[in-house]
Amino acid sequence: MASIEDTVLEILRGKATANPEALTLESPLEEAGIDSLSLIEIIFELEDAFDITVPDPSTVEERANGMKTAGDVVTLVNGLLAEKESGTAGA
Amino acid sequence: MKRLFVTGLGCLSALGNDRHAFAAGLRNATAGIGPLTAFDASGLTVRIAGEVRGFDPAAHFEKSRLGQMDRFAQLAVVSAREAVAHSGLTIDDTLAPRIAVVHGTGAGGQLTQDDSYRLLYGENAKRLHPFTVPKLMPSAGPSQVSMDLGITGPVFGTTSACASSGHAIAMGALLLRAGLADVALVGGAEAALTFGSLKGWESLRVMAHDTCRPFSQGRGGMVLGEGAGTLVLETEDHARARGARPLAELAGLGTNCDGLHVTAPSEPGMRGAMELSLADAELSPDDIDYVNAHGTSTPLGDELEFGAVKRLFGPAAANVKMSSTKSAIGHLLGAAGSAEAIFSILAMRDGVVPPTLNLDNPSDDCQGIDLVPHAAKEMKVRAAL
């Protein structure tokens, strides 16, 4: 089974317009050519892939700061998966 | 008043996916209407259409862009690219803000809407794809054209059912006359061949089950088609300054509304629109050699339209040719006006009047005008309506 990191990277590489193969967990999403609209589509795919619900951030800053790099996306997914595991999702 | 020239054409329809296929199809009296293939039509009573065939979106667009575009917008952009290439225009930073895009559609992103509703109501999906709204909005056609070609002038859509792209041509012309732009990409796109859309059309009871036979005895109604058409309109000054060769002049336009009924046609309304166009162009019926009829093949619509032309033309009706090219490509709804304008321009350019297909016997209410049955006619066409 693919790891969470691998699945996240695969989804991000599918939307990256600049050098997608070179994308790593440290890569800033902006440099990979992932804009705000692509990010919305990425969230949609993450929800499908991991059966999670990514909540809307309450502020614009939160959205921008929460997903600067591929690693941030993995952290977000891990957090939501842990919530789901402990049954607190949506609480 | 400024003179306006057409300097480029682009189109996709059941006759093929560029203007050359359009022109050849007309000359050869090709029938584009056939069995529906895009989806399983066994649940429909209407199983024929004028489909755009062999269109591979991936050959025209990057994957990332494709995800944001409904089929109707894809067709709009491909037709606009062809028209601009045909015109020889180079869109640079100086010209970009002086170009308008006015593109019509009747239904907008019908495939996206159908798919979304199926997922939502049929499969209990909890959410829809984030691009659902950008894909299905009726203005997606002109928006995508402007982004694709880097155009920054006035850009908007028109929607008035089957007149949508006719209105787009008229609005683009008015922008040029008003000096708000030097070039206008005008036309329309439609891709509404979906199960849901056809179910709706079925219920209107205006659809033919065998084929489209405008003005004919026993005509059973219309056949839907899909496609797109774009014309490059330019002011005379702009076209001459860059040495462009005009394909035709847009001499005049007229627009009105019956103000009566949502589907029933009105003879005075149709006649009035033609009178306004002729007056604007300072032409009389004697100057017109070809009329491209709306000719949807509905019993009442054809009868009233035929009557309107006959009354307007008077004695000149004996000399004019009139055909309905919907018999070849079906009814393109919001793209119909653009496709038919292109047919008319090709008729003038090539000296070939396109035929009305499937017209074995004109009905009793359609006698006294040459409807160009079955085969194209070679002749000089000075002006078309």
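Order of the sequence lines sets the chain letters (A, B, ...), proteins ahead of strands, with each chain counted from 1.
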Criterion side-chain contact (heavy atoms from CB on, under 4.5 Å) on Leu37(A) and Gln68(B), from CA distance to verdict: CA-CA 10 Å; Leu37(A) 190 59; Gln68(B) 302 175 16; 4.0 Å; yes
Are more than 12 heavy atoms, taken from residues, nucleotides or ligands other than [X], located less than 6.0 Å from that residue's [atom1] atom?
X         : atom1 : result
Phe39(B)  : CZ    : yes
Glu123(B) : CD    : yes
Asp93(B)  : CG    : no

Any residue meeting side-chain hydrogen bond (donor to acceptor under 3.5 Å, both in side chains) with Asp40(B), in chain and number order, not counting sequence neighbours: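 Asp40(B): side-chain hydrogen bond (donor to acceptor under 3.5 Å, both in side chains) contacts with Ser42(B).
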Look only at the side chain of Arg127(B) and the backbone of Phe44(A), and say whether a donor-acceptor pair between them is shorter than 3.5 Å.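 Indeed, once roles are kept as given, a pair shorter than 3.5 Å links the two residues.
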Proximal component of Glu47(A), with respect to chain B [non-hydrogen, under 4.5 Å]: both
Could you check whether Lys126(B) pairs with Asp48(A) (Lys NZ or Arg NE/NH1/NH2 to Asp/Glu carboxylate O, under 4.0 Å)?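 Looking at Asp48(A) together with Lys126(B), the answer is no, because their closest N to O distance does not fall below 4.0 Å.
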Gap separating the CD1 atom of Ile34(A) from the OG atom of Ser64(B), nearest 0.5 angstrom: 11.0 Å
In chain order, what residues pass the side-chain contact (heavy atoms from CB on, under 4.5 Å) check against Leu76(A), with sequence neighbours excluded?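 Leu76(A) satisfies side-chain contact (heavy atoms from CB on, under 4.5 Å) with Val54(A), Met67(A), Leu80(A) once adjacent residues are dropped.
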